[in-house]
Structure formats: structure tokens, C-alpha cells
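Keep in mind that the numbers below use all heavy atoms, side chains included, and drop hydrogens, waters and symmetry copies.
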Amino acid sequence: MNEFLFATSWLVPLYSLGGAILTLPWGLGIIQRTGPKPAAYLNLLTTLLAFVHSLFVFKEIWNREPGNLLITWFTSADFDISFALELSPVSIGATVLITGLSLLAQVYALGYMEKDWSLARFFALIGFFEAALSGLAISDSLFLSYCLLEVLTLSTYLLVGFWYAQPLVVTAARDAFLTKRVGDLLLLMGVVTLSNLAGSLNFSDLYEWAQTANLNPVTSTLLGLALIAGPAGKCAQFPLHLWLDEAMEGPNPASVMRNSLVVAGGAYLLYKLQPILVLSPVALNALVIMGTVTAVGATLVSIAQIDIKRSLSHSTSAYMGLIFLAVGLQQGGVALMLLLTHAIAKALLFMSSGSVIYTTSTQDLTEMGGLWSRMPATTTAFIVGSAGMVTLLPLGSFWAMLAWADGFVNINPWVIGVLIVVNGLTALNLTRVFRLIFWGKPQQKTRRSPEVGWQMALPMVSLTIVTLLLPLMLQQWYLLPDWESIDWFVVSVLLCSTILGVGIGSTMYLHKAWSRSRILAWRFIQDLLGYDFYIDRVYRLTIVSAVALLSKISAWSDRYLVDGLVNLVGFATIFGGQSLKYSISGQSQAYMLTILAVVSVLGFFISWSLGLLDKLPF
């Protein structure tokens, strides 16, 4: 049985794809009498099958060597398009994480979107979402990975714009789609270039080619920058980071998957491209700069947000920035460990915040308070998720950041500073959000807020337990360091940054009567961070204005130069024809004389030009 499951592990993405297809009759309105619930149950069943299948394969893969499966799609002469699949503990473990979180998010969606009229359409989109992510996890082909990233871009657009009757939702979906298209277009250029240079797009072949490749600096730089552009868009990294903040207008169950899995998908592709990016030092430096700027900048922006989902989404960009920084410093193992711990903790945070939004009907932090006694399960989930995000012993993120910091304490000590700043500010922000939501006096919208139903509480409690047990899982997988090799100076520094962040967040003055400081200097800083350093306005004044100006110039030239020349020729033809019709006499000798005169004039000019050419010195 285990052998059969292992041999058919490539079917895992097809479970959710089949579930999405089965829900289409309800999503398209073909079946109406039963309501949308059967579609949700069908998709849940296929996701459960995918999770169980991948879990059995993950248990079996420890006793085997990693393998590859090659599927040939099209072959003609020297042209070969094949899809390679990777069966390894990392890839199968990623499918377990994806299907497991997707299963919890779908159960959560049953309660969160219980009264939504298009529930079936939502579950169909989640099925496509999950299928693309699972396929990306086991893909060993850059071409297949690119295609699956395109499916993720489309799924993101459709899920963000799910409530398409709201103008702000439509704008957010459009901006998310167009921003990702910028990175995807550059990534496609890199894929085509690699296909020409390496002759294959399978990662195993690309790794062998990269070991002996001899590229000139310009080619390697442009190739490296093109390859990191796609993951930068998916992971909401500067300067392609604004879409994730706007994407929070979509349903919260989709936000759970987007902030835990979709951004991780882009980072996972970046991890697999690391051996190729080594060919370009400029690309590695670009990753370091991009990751550092996003990690520090997004963390600063998050502490000035008064929308609960936007505050957490900027934290997602910040942690993806740390992963970009790790890959830029060629620490892929640390990046994978941080991806795992961040995905679980961030999913739990978005579930708890979604429960607060569902029961209070608001996302404004200044309208909340006093929920800790009314929503104990949600409060516990938020506390555990927050602890799992920062370096709080012994939870998962502590070990991930410890492994990172321990490796750079002597080589690149400035990285420890970045890690301390991001960790401390994240602890401060999560403490601030906790105080505004769960602490203090109840307000009008929170005075009678009950705990959520079992459909939403069950996934939160389950993920809370998983977050607490994650260190034991890491120990079982031999990912925790030995106690003898731990640098206790690094441990103390990380713990102190967390304690300092929590301390400042617990004691800082938070007044809910006003959302902006009355002190001018603090108001300026708050506005600077709250509006994301005014980057969107800078874009409008520079890139958007330049594109608009070029569009106006193009429209003017098309109208007055291109169309004007065509219209001029047409007008001249009409005018000439109208003029010549009055000179028609019906006498053939007159026509012959006109033709002879014109031919004579043309012959004269041709002879004259040839005579001039003979007199030239060359």
C-alpha cells in the first residue's frame, strides 16, 4: 500500500484540481436546489484525500533516496518540453503543509462565509489555488513552476476580487494582478534565456549546467535579476510590495492561505533557483538589499496601521524579506526553516484576526477592545500565533532565527542587527495589536461579541496545538541544534529583543479616541509609516506619470501622424480623381499624348540623375 501511494504521489495536486472541477456546477449556478454546501463538502473531501496521501508519502520518503519523475509533453526534433517532478522530503513535506493548511482554511471558511451566496465559487477558486501550490511544491521543472506561478497570479486576482461589487475590491484585485505581471514578465525572459543557454529547464539539469557555465558579467547579471523578479512580485518585496496590503480586501480565509502559503511559494522557487543565482554576484547583492529594505521598512510600516489585516500583511512582507536576505547570503536551509515556522504562525494569526472581524464586523483596531474574556479560544490562538512569530523560546521561529543568527555572528554581524530590529519591532507590533483588540474596556462593537462557532474554532484550536508542538516536530526531523553548539550570546540577544519589544508594546500609550497623534512630530512619523513612506504617491508622480505621458504622445502620433498620413493620401487620391474627371475628352490621341509626355519627363529625370552619378569622384 505504501509503495502504491509513493508511486502515485504525483497525483496529489490533481485531488484539489478535481475538487475544483466538481464544484463548478454549483459555482456556475447550474445546480441551485441543493445550495452551495455540497460543493464545499466535495472540495473538503478531495483536500482531505490529498492531505492523507501526502502524509503517508512523507512518512515513507524518509527511508528512500530522493527521486525524480519525468513526464514528456511534446517532442519534435531538438525541441523537447518535459515536466520533471521531485519526490524528496522537502517537496513532499511542502505538500503536507499546503494541503494541511488548506484543509483547515476550508473548514474555517465554512463558518466565516456561511451566508455568502457564492460559497461554491469560493471553494472552486481555493481548489485551483491549492492545486497550483501543490504542483509548485513537487515541480522540478522551471517551465512548469513558471506556469503554476501564472495560475497562482490568476487565482489571486479572482480571490482578491471575490466581492467584485465593491469598487475598492476591484481596484485591489487589479493592482495585485498588474504588479505581479511585472515580475512574471521579467521571469519569463529569464526562463527563455535559460532555455537557450542551458538547453533544459529541469532544475537537476540546470544545476549541472551552472557548475560549468561561463557567462559574461552582463548576461549573468541580467539573467539573475530577471529570475528574482518573479519571486519578488509573489513575495511582495520592494518595489513590488504594495499589492499585498491592498489584497486584504478579499475574504479572510483566502488571506490565511495568501499570507502563509502563496508568498511562501514564491520564496520556495527562489530557494530552488539559488544555485543558478550564484552565477551573478550582482543578483545576490540585489537580494540582500531588497530583503533588508523590505524587512526593516515593512516592519516599521506595520506598527502604524490601524487595520488589523493590513498590520499583519506588512509583517508578512517583512518576514519574506528575511528569507530573501537568507537566500542572498546563500543560506537556503535557514530560509526553508523560517518559511515553515512563519507559515504556521501567520496562518494562526489570520484565523484569529478573522474571528475578531467576523464577530465585531470591523477591521479598525480603534473600535475594538475587551475581547479576551468573551473570546477565549480566539485570544489563545492570537497569543500562541504571536509567540510563534517571534524569537520566544522554545517555539519554532526561535530555532529558525537562532540557526540563522548563529551562522552569521562572526561572518556578517550586521545581519544580526537586521534580525534583532525586525524581531523586536514585530514583537512590539503584535503586542500593540493584542492590547487594542483583547485588552482594555469593551467598546460599542465588542460589548456583546460572542466566541465564534465550531467551524471557525476547530481550525484555530488545531493550529494552536500544531504551533505548540512544532519544536517537537523539528527535533524529530533532526533540525534542532545540539545544546553544546548553541551560542548563548546569540540566544540572549534574540530573547532580549523580544522582551524589549513586548515591554515597549505593553507600556506605550494607546488612546482609542484618536487614531493620529496630537503632537506634530509624532503625527508626521505616523503618517510617513501609515502611508508606506508615500511610495504609492512617488509611483504616481514618477512611473505612472511617465507611462501616462508616453501614452498621450503615442495617442497623438497615432492620430495625427500615422492616421494623418493615411488620411492625406486618401484625400489626395479623392481630390485627384475628382479633378481628373473634368479633363476626360473621350479622344484616345489625347490620352496617348499625356502618357508620352509623362514618360518623357520621367526619362529626362532618370538620365539626369545617372549623369550626376558618373561625375562623382567615387
**Study point:** Partners passing side chain to side chain contact (heavy atoms under 4.5 Å, CB included) against N196 (at least two apart in sequence or in another chain)
**Key:** none
Check your understanding: Among all residues two or more places apart in sequence or in another chain, which pass the side chain to side chain contact (heavy atoms under 4.5 Å, CB included) test with A39?
Key -> T23, W26, A120
Exercise for review: Kindly write out the residues that satisfy side chain to side chain contact (heavy atoms under 4.5 Å, CB included) with N202, not counting sequence neighbours, or none if the list is empty.
Suggested key: L70, S82, A84, S141, S200, S204, D205
Which atom pairs, one a donor and one an acceptor, fall under 3.5 Å between side chains of residues 221-242 and the rest of the protein, sequence neighbours left out?
unit_1 : atom_1 : unit_2 : atom_2 : d
T221   : OG1    : P217   : O      : 2.7
K234   : NZ     : T153   : OG1    : 2.8
K234   : NZ     : D184   : OD1    : 2.9
K234   : NZ     : D184   : OD2    : 3.2
Q237   : OE1    : G321   : N      : 3.4
Q237   : NE2    : C235   : O      : 3.1
Q237   : NE2    : S317   : O      : 3.2
H241   : NE2    : D532   : OD2    : 3.3

Practice item. Can you run down the ring-ring contact (aromatic ring centres under 6.0 Å, His included) pairs that involve residues 190-216, sequence neighbours left out, and say none if there aren't any? Key: none
Point to revise | Results of side-chain hydrogen bond (donor to acceptor under 3.5 Å, both in side chains) for N216 - residues two or more places apart only | key: T219
Check your understanding: With sequence neighbours excluded, what pairs up with S155 under the side-chain hydrogen bond (donor to acceptor under 3.5 Å, both in side chains) test?
Key -> none
Check your understanding: Which pairs count as side chain to side chain donor-acceptor pair (under 3.5 Å) when at least one residue sits in residues 264-284, sequence neighbours excluded?
Key -> E86-K272
Point to revise | side chain to side chain contact (heavy atoms under 4.5 Å, CB included) involving S118 - partner list, sequence neighbours excluded | key: D116, R121, F162
Acceptor/donor pairs from residues 122-132 side chains to any protein atom, 3.5 angstrom cut, sequence neighbours excluded:
unit_1 : atom_1 : unit_2 : atom_2 : d
E130   : OE1    : T47    : OG1    : 3.0
E130   : OE1    : S102   : OG     : 2.9
E130   : OE1    : Q106   : NE2    : 3.4

Check your understanding: Which pairs count as salt bridge (charged side-chain N to carboxylate O under 4.0 Å, His left out) when at least one residue sits in residues 141-162, sequence neighbours excluded?
Key -> E150-R181
**Study point:** salt bridge (charged side-chain N to carboxylate O under 4.0 Å, His left out) contacts touching residues 327-337 (sequence neighbours left out)
**Key:** none
Practice item. Mind checking the OG-OH spacing from S54 to Y15? Nearest 0.5 Å is all I need. Key: 9.5 Å
